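First the structure, in the form of structure tokens, and then the observations on it.
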Amino acid sequence: MENSKHDFEPLRTLLSGELSTAAPVRAMYSTDASPYKIVPQAVAFPASKEDVTQIMEWAKEHKVPIHGRGTGSGLTGACIGSGIVIDFKRYMNKVLSVDVDNKTVTVEPGVVLSVLNLELSKYNLFFPPDPASGDYCTLGGMISNNSSGARSVKYGATIDYIESLKVITPVTGLMEARVYSLSGTDKKSESQLSVAGESSELEPNDANVKSLLSALENLSQEDIRIFKESLPDAPKNCCGYRLERAFAKDNSVDLGALICSSEGTLALITEATLNILPLPEERLVTLLNFSSLKAMSKAVELILPLDPSAVEVMDHVFLNLVVKNYPHLKTYVPDNTVAQLLVEMDGTKEEAEAKVSALHNLFKKHTDDLTGVIEAKNTAEQEQLWKVRKSALPILFTLDGPGQITPFIEDVSVAPAQLGVYLEKLHAIFEEKGLESAVYGHAGEGNLHTRPILNLRLQKDVDLMAELADKIFDLVSELNGSISGEHGDGRLRTSFLPAFYKKSYGLLKEVKTIFDPENILNPGIIATPKNIGPLIERQDGLTENQSGLTGNQSESCTDCSVSMTSDLRMGPGYKTRQIPAPLGGSKGSLARAIEKCHGCGNCTTPLENIPMCPLFKATGIPQSSPRGKLNIAQALLVGDFGREQKDEEEIIDYLSLCLGCGLCEINCPSKVETSQIVNQLRSVLKNRTGMPLKDKILSLLSQPLPSIAQPFAAVGSVMNKSSLFRKFLETTTSISSKAPLFKFAPVKLSKSNESGKRKVVYFPDIYAVSCDPSLGYKTMNLIHKAGYSVYTNPDLIAATPGFAKGDAQSAKAASHIVRKILTKAITPGTKLLFSEPTAMRTVLHEHLQFFVKKDEQQLSKTITEISTTVTDFLLQAIEDGSLKAPVVAPSKNTTVVYHSPCHLIDTKEEKSAVKLLKMVGYNIEPLMKRCCGLAGTFGLQRGEENTAGYEISVKTGQPLFDDIIATKADIIACECSSCRLQLEHNTNITALHPIELLFKLY
Ligand SMILES: Cc1cc2nc3c(=O)[nH]c(=O)nc-3n(C[C@H](O)[C@H](O)[C@H](O)COP(=O)(O)OP(=O)(O)OC[C@H]3O[C@@H](n4cnc5c(N)ncnc54)[C@H](O)[C@@H]3O)c2cc1C
Ligand code: SF4
Ligand code: SF4
């Protein structure tokens, strides 16, 4: 990855935030949720408006483009580019104030929508626009894209809620974007040209603001009128600038509305004051099923006068996919259904109920082609109905095959009355091309989403992409619709804008010229200033307008500088290097696993209630997010980094920010197994650079400790109390002197308990073998009491540290031992039980990767089927009576707080410990979905602010420690030994395995 020609150091020193030109950081910001990739020269993380101003001034002076960025969940490639990407989410992410009386909120641009709504819910208020990406997209991105969502039919789009913005433009510097009078006679308005209440901040340049307003005033009124007349019939249109809203009234301009939807091409947003609304008291959902598209389309028109808050449509391809993958949802899709409408009514309880009743009355009369009406009677049923609507995208993302679902015609909007016609013709085009693509979206506003599966590595699919876009956008034009209802233009659709706006496209160029005459802001997107070629230098030596227009679109666009089919992330020239998978797996599987990440940004959610990357939530460091690491992984795959040892060590550091918790896999729509991928890559890189001693030492824990060494380890544990010894240990092994350490017992777990009729195999792992054998014996005792013979072996140790450190030798050796023992021990009907959730995950996700021969694959399948946790097994044993209820009751005065370890969150066993302990009489408070941060060897190491180690581990666990302390519990119950060690150390509350609490009662 080439370094920039510019010296960014002087700029970096001016910022209170950060700026990086490191190749891995640039790799992380080279993509978004679109099919494009452009590596920037630098990435800035401003911490204030002043920082943003400094970046703007520097960029102007050096003629380097700037690209604002929130989460990068945009689907059009509008936040990537060759200059400086500005990440507003990392530091400028605060809700600044809520004015409950005036119902406004003031935010920094990096605030995530759901975080804002969580804050507003305290006042029973909300910010209504609701893109499906709301759990991770930012307000800055929403404003720039004029985002909206399922409820836009009632609540409109972001543009409808902008009170005022603070923005930085290349010509004015910091200014307020709000409604300004243009007449020149409104003295009050003129005096307001300076930014209200900002005297302590950067002085806005009033003269420049005035000249910007005057330039806008000089735009031809006739052109504006023609622009307004040229707008599509569709209720939603997100193409180009919203001039009809900016110039809605004579003699005034609404700069907030003009900047909204401008995709970072007119100004950078540094603050927004937004209007908010009271939360509706009730939301009620009904599903309507139809056997024809025409009837569905007609129904939408009938429903709209009832004031629904959402009218969502799903077509037959979508529904077939849902039913095939989730057969239990079949009850919601009657036979012969070709399209389904999900209708939501909201308001006060009475209002919502009255609307639902009106809806039912309506469809008692209009039964044509209606195959069923299903009403949700409670919140759980409502969630089920929404689940039908939300379930297709994750299925589409996990479909096997070389192709990927590709956004480009994904956001068409037509008048609702045209829905049926549009869908019929769209499917006819798909059929002609031999494609099948699910269609769904916001029927109430005729806004339909569809993403055909294409393999853009093949030129023929790239050509097909261009051909489909041309055909479908022609169809949209025939129906007087919009080619984008809510996602925007970006690199996908800018080249279609001249044809879309025809004569009025020139007006967009004039507006761009007024705000950004030197084409600094997101060049190439939406419009290029007049009299300036879009000749911005890029790192790859091209200029922005030489990127090679392809497809028919080039004919329609002689003006614009980006093309739908250039800068593809995995286009026809895409080549990957052969990267081995030293930690097991088949050839090529690693590359495919990496490429599955489509960049949506879902894994960057800061929300506590969503099981997603705890490390990113705690630190915000870009490489701690799954997407960050996967982008680095892909850069490695395509050979973007050199092969110098120094670089490789740096890359290992970036990839080391992973706890291996696996939470990202649960909510990632593509189910990318990030921790496995980074383990593999660290292994590849360490094979080249040599395995560091500190990693070798920690990965020794993957191997059984020889019995003879056990007493020495126990003596060593006693020395752990000595600060001198810990300092020595830190210097020699990098094990942090502050980290809590396991103590070794003098004697290992050794005996099985093999009397009993039915057989189970107990996998104790290192903790129950070498640290606390009594836990192993108690476990076996309880299983035995349930009537089972228990076989165990002290060599059944999962190589978790070996895999985590990328130590292929250790991992392979341990896998060999595990396979040998289990091959003999497992007989038909055997269960494989784990007391350590991490060991279960490591065996199922990592060890089995080494089981590649035919007979090993059968064993692998059996292990997957028969593995379960001890707590789940004993819960069932008590429930079915094979284990008698305990004889002693727990003390009434003892309160237990239960922490659910990350490695159990995605399994059905998650709550079995809670159920079990409650069943036997414990007073137990469950805390779900938080991470302790230790993650085995991750938190043991000496670390620094931004690298793996003890400091980050404690930062990650702190919210959980606080919650536990707040419960005032006497005991922490948790299955994971690492979590217990960390929690006890940081809360001073005794932490026990649930088995120990159970055992006490027998
Ligand atoms: C699964 C999925 C579902 C989606 N569903 C919807 C949906 O229902 N409705 C919808 O409207 N969109 C949807 N989107 C698209 C996208 O999430 C939204 O457009 C979102 O608002 C983008 O926010 P962001 O923070 O990710 O912005 P980014 O993608 O980072 O940026 C978007 C644009 O905003 C600009 N920008 C960002 N911050 C600033 C700033 N401070 N100043 C100036 N310019 C800035 C960027 O330059 C870029 O042009 C979806 C995306 C995905 C992946
Ligand atoms: S890892 Fe998954 S959730 Fe994260 S960006 Fe990639 S696809 Fe989206
Ligand atoms: S495994 Fe855990 S720490 Fe690693 S990327 Fe996924 S969620 Fe983050």
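Every number for a ligand or one of its atoms is a count from 1 in the order of the listing. Since the structure is predicted, the reported quantities are computational estimates derived from the model, not experimental observations.
Taking a cut-off of under 4.0 Å to the non-hydrogen atoms of N602, the atoms of ligand 2 that pass are 3 (S). Listed by number with element, the atoms of ligand 2 under 4.0 angstrom from any heavy atom of L630 are 1 (S). Atoms of ligand 2 lying under 4.0 Å from at least one heavy atom of R627, given by number and element, are 5 (S). Taking every heavy atom of K629 and a limit of under 4.0 angstrom, the matching atoms of ligand 3 come to 5 (S). Distances below 4.0 Å separate heavy atoms of G599 from the following atoms of ligand 2: 5 (S), 6 (Fe). With ligand atoms numbered from 1 in the order given, ligand 2 contributes 3 (S) to contacts under 4.0 Å with heavy atoms of P669. Ligand-side atoms of ligand 2 in range of H598: 7 (S), range being under 4.0 angstrom from any heavy atom.
For atom 6 (Fe) of ligand 3, protein N/O/S neighbours under 2.8 Å (waters excluded) are C664 SG.
Each of C600, C137, C79 was compared with S73 under the side chain to side chain contact (heavy atoms under 4.5 Å, CB included) criterion, and only C137 meets it. Tested against P626, the residues S675, C664, C668 include a single side chain to side chain contact (heavy atoms under 4.5 Å, CB included) partner, C664.
Between E312 and R389 a salt bridge is recorded (basic side-chain N to carboxylate O distance below 4.0 Å).
Between Y440 and H449, the ring planes are perpendicular. Angles over 60° get that label, and only those under 30° would be called parallel.
The nearest heavy-atom contact from the protein to atom 8 (Fe) of ligand 2 is C600 SG, 2.4 Å. Closest protein heavy atom to atom 2 (Fe) of ligand 2: C668 SG, 2.4 Å. Closest to atom 6 (Fe) of ligand 2, if we only count protein heavy atoms, is C597 SG, 2.4 Å.
Between the side chain of R491 and the backbone N or O of M564, no donor-acceptor pair lies under 3.5 Å. Under the 3.5 Å distance criterion, the side-chain polar atoms of D51 are left unmatched by any main-chain donor or acceptor of L15. Between the R682 side chain and the L655 main chain, a donor and an acceptor come within less than 3.5 Å of each other.
Between Y29 and F45, the distance separating the two ring centers is shorter than 6.0 angstrom. Ring centers of Y155 and F126: under 6.0 Å apart, within the cut-off.
Closer than 4.0 angstrom to ligand 1 sit non-hydrogen atoms from A33, G68, R69, G70, T71, G72, S73, G74, L75, A78, C79, F88, P109, P131, A132, S133, Y136, C137, T138, G140, G141, M142, S144, N145, S147, S148, E263, G264, A267, L268, I269, E486, H487, N522, C600.
The list of side chain to side chain donor-acceptor pair (under 3.5 Å) pairs with a residue in residues 614-623, not counting sequence neighbours, reads T619-S624.
Heavy-atom contacts from other residues, nucleotides or ligands closer than 6.0 Å to NZ of K387 number 12 or fewer.
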Audit row: V171, F515, side chain to side chain contact (heavy atoms under 4.5 Å, CB included) steps and yes/no: CA-CA 6 Å; V171 291; F515 278 84; 5.5 Å; no

Stepwise side chain to side chain contact (heavy atoms under 4.5 Å, CB included) check, D489 with E263: CA-CA 8 Å; D489 307 315; E263 303 184 17; 3.7 Å; yes

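Residues satisfying the side chain to side chain donor-acceptor pair (under 3.5 Å) criterion with N602, sequence neighbours excluded, are absent altogether.
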